[in-house]
Amino acid sequence: MREPDFWSSKPGIAAALLSPLALIYGSIAARRMRRGGYKTAVPVICVGNFTLGGTGKTPAAIAVAKTLAADGHKPFFLTRGYGGRLAGPVRVDPKTHLAADVGDEPLLLARQMPTIVARDRAAGAKLAQSHGATIIVMDDGLQNPSLQKDVALAIVDARRGFGNERVFPAGPLRAPLETQFNQVHAIVLVGKGPGATRVSELAREQKKPVLRARLEPANEAIKLIGRRRVLAFAGIGDPEKFFMTLASSGIEAQAEESFPDHHPYSEPDAKRILARCEAQKLVPVTTEKDVVRLKGLSGMRGKLASAAQALPVTLLTEEPEALRRLLRGALAVPRSG
């Protein structure tokens, strides 16, 4: 879905009219989050977000898993596999699975570490353990109570913050702020922007530490794109963030096309993008997540996948030792499961 403009502005008429629905949705979400879940025999680290839309959650999950692996652990990713047809639990094979099977984000995760897709998170955790996982990193699932979490990190985009601080559909929040703060151990604030001050203020009130981070685009991809004229397209939670990343990397897009998050590109979509690139002599540039969604498809979508240049990003924390201490705290807790 596309995020409505009023979600990011001071609450007005639209938010007020939707407040009764938001109250019902928020109450249900809050009760659900307070339920007890299955306690695994290995620690569970959850990397989630408070809001709908993109925050850098998947790069953050990868950064967490790499930190754990560097300490000698064997992390497995656990994710629902949004957009995929397989309910799981199934171990993702990036060589044979397509985005239509397991979703786009699991394919990105599986390039880094073993990844399990499961709509039933407890069943997924058991499969991960049977394959030798010593720790589980959940990509998303902060609002899902099916697993007990040893550490929960909320990834927040500094530009967007918490939006108008209203619960869906009156705003972008997945559940009331206080309920969500009660469930997390720290906030990871990504980038710089107008929302950073308010996020830090609320985190102090709730006595939650704030770790600063940034998304770093790959230098190799930037050099490969060089000074060529580009058409930027993205079907992610926050396409504008991708366009801004391109601009900050010195890549000026001659044209931009935005699509909803997890957008299943159609043949007409691909044909239009390729025709525009050919007519204006542009190179299509997009995110890794979008390229993954196009891979393995035939026709114009396959041609777009071959022609598109991806710009990978990595999440870098400004306080890596603070993150490491937080994760080590989860491993120090005695377990039974």
Side-chain angles (χ1 to χ4, degrees), residues 1-3 29 32 37-38 44 46-49 52-55 57-59 61-62 65 75-131 133 136-147 168 174 233-239 258-271 273 286-306 308 310 312:
M1 63 171 288
R2 290 186 186 276
E3 186 173 299
R32 185 169 182 263
Y38 171 71
V44 174
C46 178
V47 181
N49 53 5
L52 298 165
T55 58
K57 175 174 51 60
T58 297
I62 291 171
F76 268 57
F77 289 118
L78 176 61
T79 180
R80 181 183 182 278
Y82 183 87
R85 64 178 179 82
L86 299 179
V90 61
R91 182 166 175 172
V92 178
D93 183 350
K95 294 181 180 178
T96 60
H97 285 134
L98 300 177
D101 300 320
V102 295
D104 46 21
E105 289 162 348
L107 289 173
L108 293 180
L109 295 171
R111 291 177 179 178
Q112 305 293 331
M113 305 279 174
T115 300
I116 303 294
V117 159
R119 293 175 193 170
D120 180 338
R121 301 303 212 289
K126 292 173 184 177
L127 180 61
Q129 289 172 228
S130 73
H131 281 277
I136 292 169
V137 179
M138 292 178 67
D139 180 12
D140 208 1
L142 178 61
Q143 294 77 20
N144 186 301
S146 57
L147 285 184
F168 177 85
R174 297 183 175 193
F233 70 98
I236 57 176
D238 186 4
S258 300
F259 299 90
D261 197 11
H262 304 286
H263 179 65
Y265 288 100
S266 65
E267 283 290 288
D269 290 334
K271 184 177 181 180
I273 292 171
T286 190
T287 71
E288 274 192 303
K289 189 172 160 182
D290 288 279
V291 169
V292 158
R293 218 175 308 131
L294 290 163
K295 286 290 186 184
L297 300 178
S298 59
M300 301 304 292
R301 291 177 295 178
K303 290 181 180 180
L304 180 58
S306 298

Interatomic spacing from CZ in Arg119 to CG in Leu86 - rounded to 0.5 Å:
8.0 Å
CZ of Phe259: more than 12 outside heavy atoms within 6.0 angstrom?
yes
For a quick test of reading the model, state the closest non-hydrogen atom pair linking Ala234 to Asp290 and the distance between them.
CA-OD2, 3.6 Å
Backbone of Glu105 reached by a side-chain donor or acceptor of Tyr82 within 3.5 Å
no
side-chain hydrogen bond (donor to acceptor under 3.5 Å, both in side chains) partners of residues 90-100, not counting sequence neighbours, each pair once
Arg91-His131, Asp93-Thr96
Closest contact, heavy atoms only, Ala99 versus Val292:
CB-O, 4.0 Å
Test your reading of the model: is there a side-chain donor-acceptor pair from Glu267 to the backbone of Met300, 3.5 Å cut-off?
yes
Taking side chain as C-beta onward, heavy atoms only, is Leu78 less than 4.5 Å from Leu147?
yes
Using the test side-chain contact (heavy atoms from CB on, under 4.5 Å), find all partners of Ala128 that sit at least two apart in sequence or belong to another chain.
Phe76, Ile116, Ala133, Ile136
Residues in side-chain contact (heavy atoms from CB on, under 4.5 Å) with Asn144, at least two apart?
Arg32, Arg121, Ser146
Here the gap from Phe77 atom CZ to Met113 atom CE, rounded to the nearest 0.5 Å, amounts to 6.0 Å
Nearest heavy-atom neighbours spanning Gly141 and Cys46
C-SG, 3.8 Å
Which heavy atom of Val291 sits nearest a heavy atom of Ala310, and at what distance?
CG2-CB, 3.8 Å
Could you tell me the separation between the CG atom of Leu98 and the CZ atom of Arg293, rounded to the nearest 0.5 Å?
13.5 Å
Taking Arg174 for its side chain and Leu142 for its backbone only, find out whether a donor-acceptor pair lies under 3.5 Å.
no
Kindly give the heavy-atom pair with the smallest separation between Gly81 and Pro106, and that separation in Å.
CA-CG, 3.8 Å
Considering only heavy atoms from C-beta outward, does the side chain of Thr79 approach that of Asp140 to under 4.5 Å?
no
One thing to verify: whether Lys289 and Asp261 come together as a salt bridge, which I'm taking to mean a side-chain N less than 4.0 angstrom from a carboxylate O.
yes
Look up atom OG1 in Thr115 and atom CG in Asp139, then write down how far apart they are to the nearest 0.5 Å.
9.0 Å
Any Leu109 side-chain heavy atom under 4.5 Å of Ile62 side chain
yes
